[in-house]
Structures are given as C-alpha cells and as structure tokens.
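One structure is given below, encoded as structure tokens.
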Amino acid sequence: MADSTRRGFLTAAGLTTAAGVAVLATGDPAAAEPALPADASGDLVAYVRDVRKGELVLMIEGREVVVVDKRLVTRLAAAFARARG
C-alpha cells in the first residue's frame, strides 16, 4: 500500500458510490459492477470485522478505515464457504 494515496482511495470510493447510485437510478444490475480505477495497483489489505453487520476494515497507509458493504461481505462469506469444501 506504499504507493496508495488518500486521493486514490477517495476516487475509488467515489466510483463505487457512483455505481451504486447508477443501479438505483436505472435498476440495471450490470451497472452494479464498478470499474477498476486506472491507477489501481499494489497490495490491498482488508478483513471482515463483522459478518452480520457487513463491516470491512481496510488497512490504508498504517491506518484502519471501516467500510460497510453487506453485499461484498456476503460474497466473501459465500466464497469462504465454498473454499472450505
């Protein structure tokens, strides 16, 4: 994450929010997939802090940022269950 910047993180967060608004406005599920920012690179560390609440913790340049995204946590939990076999 050494190359990450606050501006880059906010840009990525803004893109995700914009995609969510597009889905609400159009009802098109294909619009739900946010595009990867052009400058995205390097490591990303995240962990699920609370599955029921949909809380993720992102490790950004030595600090923790809590994000609530129940859909993403649900997808991660399902992938985890499949991987466990």
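What you see below is based on every heavy atom in this structure, not just the backbone, and it leaves out hydrogens, waters and symmetry mates.
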Requested in this report: Among Val73, Val67, Asp50, Val48, find the residue that satisfies the side-chain contact (heavy atoms from CB on, under 4.5 Å) test when tested with Glu55.
Outcome: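 Only one of Val73, Val67, Asp50, Val48 forms a side-chain contact (heavy atoms from CB on, under 4.5 Å) with Glu55, namely Asp50.
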Report task. Measure the CG-CD distance between Leu56 and Glu64 for me, rounded to the nearest 0.5 Å. Result ->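 With rounding to 0.5 Å, CG (Leu56) is 12.0 Å from CD (Glu64).
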Query raised in the report: How long is the gap from NZ on Lys53 to CG on Asp69, to the nearest 0.5 Å?
Result: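 Here the rounded value is 16.0 Å.
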Requested in this report: Look at the side-chain heavy atoms of Ile, Leu, Val, Met, Phe, Trp and Tyr, link any pair under 4.5 Å apart, and say whether Val51 and Leu72 land in one connected group.
Outcome: yes
Requested in this report: Please check if Leu76 and Val45 belong to a single hydrophobic cluster, counting links between Ile, Leu, Val, Met, Phe, Trp and Tyr side chain heavy atoms closer than 4.5 Å.
Outcome: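 No.
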Query raised in the report: What closest approach, in Å, do Val65 and Arg63 show between heavy atoms, and which atom pair accounts for it?
Result: CG2-NH1, 3.3 Å
